[in-house]
Amino acid sequence: MVAQNVFFAILAILMIVSALKVVTTKNIVHAALWLVLVLAGVAGQFLLLGAEFVGVTQILVYIGAVIVLLLFGVMLTKASIGHEENINMPNRVLPAVIGTLMFAVMSYSIIDSYRGEELPKETVTSAAMVSDSIFSDFIIPFEAVSVLLLAALIGAVVIARKEPA
Amino acid sequence: MIELLALNPSWWQETFLIKVPIGLLAVLLPAGTIVYLYLFKAISFMQSRLGPMEAGPYGSLQLLAEVGKWLQKEDIFPSKADKFVFAAAPFVVLMSTFLLVVVLPAGPDALFVDLDAGIYLAMAVSSVSVIGILMAGWSSANKYSLLGGIRAAGQLIAYELPLILAVVGVVIQAGTMNMQGIVLAQAEGEIFGWGGIGNPFILTQFIGFFIFMIAVQAELTQAPFDMPVAESELVTGYLTEYSGIRFLLFFIGEFASAGVFSAIAAVLFFGGWYVPGIDAGSQVFNVIGPLVLATKTMLIAFLIFWFRFTFPRFREDQLQRLAWKFLIPLSLANIAITGVLKVAV
Amino acid sequence: MSQLPGILKGLKVTFRTMIKTLFPGGLLKPIPKPSEGALTVQYPHVKEAPPARARGVIALHEGNCTACMLCARECPDWCIYIEGHKELAPPRREGGKPRQVNALDRFDIDFSLCMFCGICVEVCPFDALFWTPEYEFSELKLADMLHDKERLGEWMETVPDFEEYEDGSEQKVRKVPR
Amino acid sequence: MSVSTESEQLAYIASQAADARVNVEVETDEGMTLNLGPQHPATHGTLRIVAKLDGEKVVAAEPIMGYMHRGYEKLTEVRTYPQVTTLINRIDWLGSFANEVPFILAAEQLMEVEAPPRAQWIRTILFELSRIANVCLFLGDMAVQVGATTPVFYAFRDREFVLNQIERVTGGRFHPNFDRIGGLKDDLPKGWIEETRGALDRMKSFCDEMEELVLGNEIFQARTRNIGVIPGDIALSYGLSGANLRASGVDWDIRRDANVGLVYDQVDWKVWTHPDGDSFARFWVRLQETREACNIIDQLLGTIPSGPIMAKVPRIIKVPAGEAYVATENPLGEMGYYVVSKGDLTPFRVKIRSASFSNMSITPWVLKDVFVPDIISILASLYFILGDIDR
């Protein structure tokens, strides 16, 4: 499975570069567009793992909806073309530390739990398998998440709605 | 997917020498035919005129002449534009179109990738073109472009939902998201126990088809949903600053996706490459399948252009209302009814 | 669904026009002949025939012109240039006195200025100027739009006869000098 | 720019200030300024609308005209009376014959001549034909401004038949220059009446097609109903005229109420009004007026009296000193010429009251609190010809 590794490496480098660009670029729209590349890379990784349903969902939800809404909002609030000066956060040390810690914890836990174990190479998770597991093993978390999302939706509507003056 | 990525020489040869050229042809040929037959000719006839007549017999080479003209034009960048984003936007739109065709089956074996979540992938990549349009609108440094881009994004998000929900009805009835599976489900289906013509889903999913075509019309920003490119007010919306080859790319993107969406509609609702009377597993379909699919595609594409040149356009708020208050509830009802009938029958 | 009818009617209109254009012989003779059904003509191949009165270009019948300058004076944008001189012509009858006639040296119309109002043709008292429906006289250079009297004289061949009048008219049909 | 003298410097500053007044783009916190025109597909010409937007909503809109000013009022002062007609039919270039009539009528009034009946009949017929040619294009253009592409082709297609008839009798499709003081230039050619009836049939079927394709279309109605509502009193106070006024429910038509020199009293016809005053009403009224014009012409064609077409007027026309104002109901609305003569070959002063100019004055009022797409449909429904605004 050389090809898989090569593609993984290509995608990973692409994602790291894009992710760095997201935080270093001086233009907020560019940041959002670099984020598209990061998310596309994630989708590509899912496809490489044979989880095509998740990969496609990644494209549909993150690229097709989340980023579009992000860009939409950014452009509606007059994102100017060219560099913006005051786009960096003044106290960025703390988030950097937290980010590093998060990264360390997550990589430790992943490496620790899968140590020596290799992911199965030939499995392809089909949509049917995904839906079967969602509606049998994970039915309660699934329903809980949907109720949570509904609550968030209603909350957003309530906040966004202007009081009639 | 895995076996596709297995590195052996035959795979590279297959991809770059066969699949990529055929994929390009599969996108560009229908697009060219649609532009010539409908945009140039049928519309002209609807307007009591002849359309292009000079380039080639009956103007059939007109499109090539137009492409030649576009290629010669200067590649203009507005001085205040965001150059990189401006340059990249058409490619994003085009990429979304070309990825759409990947999952389209044209015969039992004549297809590019047999993805399990085929139609799902098609819906997903079709939503990527919004990003290209937003990029184009924002980077042009033009108020009309920005307004057009934002309108386009709002419209495409709104109509993505009915588009997907309309497909869900078909998926429920076919029991699979695989495009090939959907064709076979129609070929082997039966209407009231009679399998003479299979069971094209247009007969049971006509509401879905109705919603699908409206949503496609909106996705393609064709009239009556062409508010984002409204010529009479926004000049041409996000396309205003584009010229030459980049405009050509947008143009190809627009009409190629018209072709691909028509083909998807043909697969979902009209049985794709299948014609009644021949066994669905027969190898004949690898030869005549693409032709059958092309014919069905053309018939559906005619609808798109017929609507486009008959109707005035909706206002932005009206088309949002149509999507959210009419199409989405209707498609949800369609899904519910389909689901109930699927379980009950 | 009260929305449907108006929308469907519109679709019907466009479709009907398409069929009419494609099959001018009606659906009973479904032979596509759009070049007959369409109301446009392919201009350089097919020429339109404007009516006899159409104001295409001005023709000059040189023999009738006396260089009286009426047209040049009445022209609203002064695009007619006339030069002439008096000369003696042989007498009409044997033994008579030689006549004095006005000879035309220059009669130019600058069609890049002309508004095609027709006042010059109308005021000409000697039937020297005529409209012809000919319309193909465009040039690559603006300066070439200045037609001299030879060029204007050539148009004379294309001048059609005056049309008969509708019943109840008291106008007399004029003759074009040939 | 090199500036030498002080006066040049001052002139430069003044011109810059004048430019700045219209070029300033106020980017307020609430919104942005959108500049529609002077080069914009919706303004069919060089009208410019500066709209301040809040989102897609118009806070204020101001029309800026004069990009195509051709100085006709001044030009007429150095043209003789017969020469003036050829100029002024370029004002509203779609219904050009109608532009000539009021001026000729004013001059005739000053000279105290009256055209013979046959000339009056033909004048009225041509007047109504140019109305059809003009309004027919509106019907297509309005549809194209709200997004339907096909109707405008039908409009051009069927207008062709009307223009052919105008060309057949006047020699000019666009600029007939056919009206003369005291009558007409020429009589009708043989067979013209029959052909005109054919063209009228064509127009009637065109009106039916427009009704099916545009007027009855629900999308069109959604775009135009209750959009740009002008109540009758507001319309009157802004000096609107023509179909725009009648669409606001004001039953006023110069052809019926203040007719001079044309034979509208000889035919049986109806003035159409619509109570709503919105864009839809304006379209509806114009559609009905096109039909009514066909009806008027149809009746007039059958009753053309025989006789001369020219009254006795001197060959060189000198108009006696005096003043006259004659207005007619042109395709776009009231068009009037105020002619002051000092007894010369040329008019001393001509004031042209063109319909579009007055109709445009309502735009700041009617374009308030509408959406950007509605600017277009309202402007289209007000129907202006740039030549008629700027002259």
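A note on names: the letters A, B, ... follow the listed sequences, proteins ahead of strands, and every chain is numbered from 1. Values in this document were obtained by computation on a predicted structure and should not be read as measured data.
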> With a 4.5 angstrom heavy-atom cut-off, which part of I63(A) approaches chain B: side chain, backbone, both or neither?
Replying inline: both

>> Heavy-atom cut-off 4.5 Å, strictly under: side chain, backbone, both or neither for V61(A) against chain B?
In response: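 Nothing of V61(A), per the 4.5 Å heavy-atom cut-off to chain B.
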
> Just by modelled atom types, is the V93(B) backbone N or O under 3.5 Å from a matching donor or acceptor in the T97(B) side chain?
Replying inline: yes

> Using a heavy-atom distance cut-off of less than 4.5 Å, which residues of residues 140-147 of chain A contact chain B?
Replying inline: none

>> Just by distance, no angles: are the side chains of Y62(A) and T57(A) close enough, under 3.5 Å, to form a donor-acceptor pair?
In response: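 Note: Y62(A) and T57(A) side chains miss the donor-acceptor criterion.
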
> Is the closest side-chain donor-acceptor distance between S126(B) and E160(B) under 3.5 Å?
Replying inline: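 Judged by distance alone, the side chains do pair up.
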
>> Is the ring pair Y242(B)/F86(B) parallel, tilted or perpendicular, if the boundaries are 30 and 60 degrees?
In response: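 Judged by the thresholds at 30° and 60°, the geometry between Y242(B) and F86(B) is parallel.
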
> Under 30°, 30 to 60°, or over 60°: which ring-plane class applies to Y120(B) and F53(A), parallel, tilted or perpendicular?
Replying inline: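 Taking F53(A) first and then Y120(B), their aromatic rings lie parallel (interplane angle under 30°).
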
> How many angstroms lie between CG in L39(A) and CE in M15(A), if you round to the nearest 0.5 Å?
Replying inline: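 Between L39(A) CG and M15(A) CE, I get 8.0 Å after rounding to 0.5 Å.
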
> Heavy-atom distance under 4.5 Å to chain A: side chain of L156(B), backbone, both or neither?
Replying inline: neither

> So which part of I157(B) gets closer than 4.5 Å to some heavy atom of chain A, the side chain, the backbone, both or neither?
Replying inline: side chain

> Do you know which of V128(B), I131(B), V125(B) has the most heavy-atom pairs under 4.5 Å to chain A?
Replying inline: I131(B)

>> Is it the case that atom CZ in F77(B) sees more than 12 heavy atoms from other parts of the structure closer than 6.0 Å?
In response: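 Enclosed.
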
For residues 98-111 of chain A, which side-chain donor-acceptor pairs fall under 3.5 Å, sequence neighbours excluded?
{"from": "T100(A)", "atom 1": "OG1", "to": "A96(A)", "atom 2": "O", "distance (Å)": "2.5"}
{"from": "S107(A)", "atom 1": "OG", "to": "F103(A)", "atom 2": "O", "distance (Å)": "2.5"}
{"from": "S107(A)", "atom 1": "OG", "to": "A104(A)", "atom 2": "O", "distance (Å)": "3.2"}
{"from": "S109(A)", "atom 1": "OG", "to": "V105(A)", "atom 2": "O", "distance (Å)": "3.3"}
{"from": "S109(A)", "atom 1": "OG", "to": "M106(A)", "atom 2": "O", "distance (Å)": "2.8"}

